[in-house]
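A short worksheet on the structure shown next.
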Amino acid sequence: MKKTTIIAEPGKQELVITRTFDAPRDLVFKTITDPTLVPQWWGPKRFATIVDKMEMRPGGIWRYVQRDSEGNEHAFHGVYHEIASPERIVQTFEYEGVPGHVSLETVRLEEQDGKTRWTSTAVFQSLEDRDGMMQSGMEGGAIELMDRLAELVEKA
């Protein structure tokens, strides 16, 4: 399986995640923008993900809710700023459990010899917000999310 790389350089408000998928870019883009497929890969497997809203247009809102086995919920939401199929999505990201800490995320998909290189850059409002995200355990969740996405697109 391909490796997910997460880079958080000291002193920068950015977080960069990269991964190469053994699947064409059109398929990766479709998988990340189809509300019926998102629950199959978004977030750790121990949570059930529900797509509450997914308005795939500039100014459209997205909201995903994750539910654990005891019924506890964790919700995330944002606004789409740009959707350039199949190469780029720009959106905000906010965890509702810690409101007011919004990042701006850009996902770029580059096709290389039938494979797709994913580069996600999140820019946080402050270095403290970025570091708080890193300390929240997001790294393990992001790696699992990418592994689940790889399984889905590579078996299609």
To the closest 0.5 Å, what do you measure between [atom1] ([X]) and [atom2] ([Y])?
X      : Y      : atom1 : atom2 : answer
Ser120 : Glu14  : OG    : CD    : 10.5 Å
Ile83  : Gln91  : CD1   : CD    : 8.5 Å
Met54  : Asp34  : CE    : CG    : 7.5 Å
Met138 : Ile6   : CE    : CD1   : 5.0 Å
Ile17  : Glu105 : CD1   : CD    : 7.5 Å
Asp129 : Met134 : CG    : CE    : 14.0 Å

Going by atom types only, do Arg108 and Thr119 share a side-chain donor-acceptor pair under 3.5 Å?
no

Just by distance, no angles: are the side chains of His74 and Tyr95 close enough, under 3.5 Å, to form a donor-acceptor pair?
yes

So, applying side-chain hydrogen bond (donor to acceptor under 3.5 Å, both in side chains) with Arg19, which one of Thr4, Thr5, Thr116 is it?
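Of all the options given, the one that passes is Thr4.
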
Determine the minimum heavy-atom distance between [X] and [Y], stating which atoms define it.
X      : Y      : result
Pro35  : Val51  : O-CG2, 3.6 Å
Met133 : Ser136 : O-OG, 2.6 Å
Ala156 : Leu27  : CB-CD2, 3.7 Å
Val79  : His81  : O-CD2, 3.3 Å
Glu70  : Asp68  : N-OD1, 2.9 Å
Lys12  : Leu127 : O-CD1, 3.2 Å

Under a single-linkage definition using a 4.5 Å side-chain heavy-atom cutoff for Ile, Leu, Val, Met, Phe, Trp and Tyr, are [X] and [Y] assigned to the same hydrophobic cluster?
X      : Y      : value
Phe47  : Trp42  : no
Ile143 : Phe93  : yes
Val90  : Leu15  : no
Val153 : Ile89  : yes
Leu145 : Leu152 : yes

For [Y], is there any backbone N or O sitting under 3.5 Å from a side-chain donor or acceptor partner on [X]?
X      : Y      : answer
Glu94  : Gly100 : yes
Arg148 : Gln40  : yes
Gln13  : Gln125 : yes
Glu144 : Pro44  : no

For Phe29, ring-ring contact (aromatic ring centres under 6.0 Å, His included) partners two or more places apart
none

Glu87 and Arg25: CA distance, side-chain angles, deciding distance, side chain to side chain contact (heavy atoms under 4.5 Å, CB included) verdict:
CA-CA 8 Å; Glu87 62 206 42; Arg25 179 169 72 168; 3.4 Å; yes

Pairwise side-chain contact, Ser69 with Arg46, heavy-atom cut-off 4.5 Å (strictly under):
no

Leu37 side chain near Lys30 side chain, heavy-atom distance below 4.5 Å:
yes

Mutual orientation of the aromatic rings belonging to Phe21 and Trp118 [parallel < 30°, tilted 30-60°, perpendicular > 60°]:
perpendicular

Might you work through the side chain to side chain contact (heavy atoms under 4.5 Å, CB included) test for Ile32 and Leu109, ending with a clear yes or no?
CA-CA 11 Å; Ile32 66 175; Leu109 302 175; 4.1 Å; yes

Salt bridge flag under 4.0 Å for residues Arg88 and Glu82:
yes

For residues 56-66, which side-chain donor-acceptor pairs fall under 3.5 Å, sequence neighbours excluded?
from: Arg57; atom 1: NH2; to: Glu55; atom 2: OE1; distance (Å): 3.4
from: Trp62; atom 1: NE1; to: Thr92; atom 2: O; distance (Å): 3.1
from: Arg63; atom 1: NE; to: Glu96; atom 2: OE2; distance (Å): 2.8
from: Arg63; atom 1: NH1; to: Asp52; atom 2: OD2; distance (Å): 3.2
from: Arg63; atom 1: NH2; to: Glu96; atom 2: OE1; distance (Å): 3.0

